[in-house]
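Nothing fancy with the numbering, it's 1 onward along the sequence. All values below were derived from every heavy atom in this structure, side-chain atoms included, with hydrogens, water molecules and symmetry-related copies excluded.
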Amino acid sequence: MKKMIDLTGQKFGRLTVIRKAHRKIGHNVAWVCKCVCGNKIETSTINLQSGNTKSCGCLRKEISSKLRRVNLLGKRFGRLLVIEEEPSKVGDHIVFWKCQCDCGNIVLHNTSTLTSGNTQSCGCLRKDNFKKLNDNNTKDGTMLNQIADTRKINKNNKSGIRGVSWDSSRSKWAADIMFKRKTIHLGRFDNKRDAINARKKAEKKYFHPTLEKFR
C-alpha cells in the first residue's frame with residue numbers, strides 16, 4: 001500500500017493544512033485547511049497538490065469582484081464595440097456586455113472573453129480569415145473546407161471522425177488525410193482509437209501550420 005503523504009503544516013495558495021480530516025473525499029485523503037481569511041475547509045490531497053484549490057473560495061470571489069469593477073463601455077475589442085452592460089443570467093460573478101460588430105451584428109460576450117482577446121468579432125472575422133485562407137490555398141490545391149472541418153461528415157462514416165473509416169474487406173479501421181488534392185494513407189488499425197490518433201497526428205503535421213497563420 002502506498003504510504004500517505006502528510007501535508008500537515010504545508011501551504012497551498014491561501015490555505016494552510018491543519019490536520020487530516022476524519023473523512024475521505026471520494027477515494028482521496030481529505031485535509032482540514034485554514035484560509036488566510038479565517039475560514040476552514042476540507043479538501044483532498046489531489047486538489048491541493050494540483051492547485052485546483054487555493055482558498056476557501058474567497059480568492060475566486062475577489063477575482064470575480066475585480067472583473068465586475070472593470071467598465072468596458074465604449075471600449076473596442078477587435079471589430080467589437082461595447083455599447084451596453086447586459087444583466088447577467090448566470091450570477092453576479094459574470095458580467096455580460098452587449099457589443100456591436102463592425103458588420104452590424106449585435107452579440108453578447110462576458111468580460112473575460114473580451115479582455116483575453118479570445119473574441120474579436122461576431123464571427124465574421126473568422127469567416128473572412130477562412131476566405132483568405134481558402135483563396136491562398138487554392139493556388140496549391142489545398143482547399144479550406146478540407147482542413148478547417150467545415151464539411152459535413154459523410155452519413156456512411158461509422159467512426160464519426162473525418163478521415164477514419166471502417167474497411168470491411170480487411171476488418172480494420174483505415175485512416176487517411178487529403179492534402180493538396182492528394183490522399184495520404186495513414187494506415188489500417190485493429191483499434192478505432194489508434195486510427196483516430198493517427199488522423200489527429202496527421203492534422204497537426206499538415207493542417208495546423210497553415211491554420212495558425214489566421215488564428
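- A distance of 10.0 Å separates CG in N39 from CG in L15, rounded to the nearest 0.5 Å.
- Here CG of L48 is found 5.0 Å from CZ of F12. Values are rounded to the nearest 0.5 Å.
- Side-chain N/O atoms of S44 and W31 include no donor and acceptor closer than 3.5 Å.
- Atom-to-atom distance recorded for E86:CD and W97:CH2 is 11.0 Å, nearest 0.5 angstrom.
- Although no hydrogens or angles enter the test, the distance criterion places no donor-acceptor pair under 3.5 Å between the side chain of T43 and the main chain of N47.
- The backbone N or O of I161 lies less than 3.5 Å from no partner atom in the side chain of R199, so there is not a single donor-acceptor pair.
- Between I25 and A30, the closest heavy-atom pair is CG1-CB, 3.7 Å.
- Heavy-atom minimum distance, F189 versus A198: CZ-CB, 3.7 Å.
- With sequence neighbours left out, the salt bridge (Lys or Arg N to Asp or Glu O under 4.0 Å) criterion links D6 to no other residue.
- Results of the side chain to side chain donor-acceptor pair (under 3.5 Å) test with R79 over N105, D128, T119, D102 single out D128 as the only residue that passes.
- When side chains are defined from C-beta on, S55 does not count as touching C37, because their heavy atoms never get closer than 4.5 Å.
- Note on I41 and V32: separate hydrophobic clusters, where clusters join Ile, Leu, Val, Met, Phe, Trp and Tyr whose side-chain heavy atoms are under 4.5 Å apart, directly or indirectly.
- The two residues V17 and C33 have their closest heavy-atom pair at CG2-SG, 4.0 Å.
- Smallest separation of non-hydrogen atoms from F96 and N110: CD2-N, 3.8 Å.
- A chain of hydrophobic side-chain contacts below 4.5 Å, direct or via other Ile, Leu, Val, Met, Phe, Trp or Tyr residues, connects I106 to L81.
- A heavy-atom distance below 4.5 Å is not found between the side chains of Q120 and T113.
- T115 places a side-chain N or O within 3.5 Å of a backbone atom of T111 that can act as its donor or acceptor partner.
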Test side chain to side chain contact (heavy atoms under 4.5 Å, CB included) applied to I196 and W173, step by step: CA-CA 9 Å; I196 292 174; W173 291 98; over 6 Å; no
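- Annotation: side chain of F77 is not in contact with side chain of S121 (no heavy-atom distance under 4.5 Å).
- Hydrophobic clustering places V95 together with V107 (ILVMFWY residues linked when any side-chain heavy atoms are closer than 4.5 Å, directly or through intermediates).
- Scanning all heavy atoms of the two residues, the minimum distance from C101 to C122 falls at SG-N, 3.6 Å.
- Rounding to the nearest 0.5 angstrom, the gap separating the CD atom in Q49 from the CG atom in N28 is 10.0 Å.
- Between K98 and E85, none of the side-chain N atoms (NZ, or NE/NH1/NH2) sits under 4.0 Å from a carboxylate O, so this pair counts as no salt bridge.
- The only member of D167, D194, D176 that meets salt bridge (charged side-chain N to carboxylate O under 4.0 Å, His left out) when paired with R188 is D167.
- Taken to the nearest 0.5 Å, the OG1 atom of T8 stands 10.0 Å off from the NZ atom of K20.
- Other residues, nucleotides and ligands contribute only 12 or fewer heavy atoms inside 6.0 Å of the CZ atom of R193.
- Here the side chains of C58 and R14 are in contact, with some heavy-atom distance below 4.5 Å.
- Residues K201 and N197 fail the side-chain proximity criterion, which asks for heavy atoms closer than 4.5 Å.
- For the atom pair T16 OG1 and K34 NZ, the distance stands at 9.0 Å (nearest 0.5 Å).
- Counting heavy atoms of neighbouring residues, nucleotides and ligands inside a 6.0 Å radius, atom NZ of K54 does not exceed 12 of them.
- Other residues, nucleotides and ligands contribute more than 12 heavy atoms inside 6.0 Å of the CD1 atom of I83.
- The minimum heavy-atom distance between L80 and H109, with the atom names listed, is CD1-CD2, 3.8 Å.
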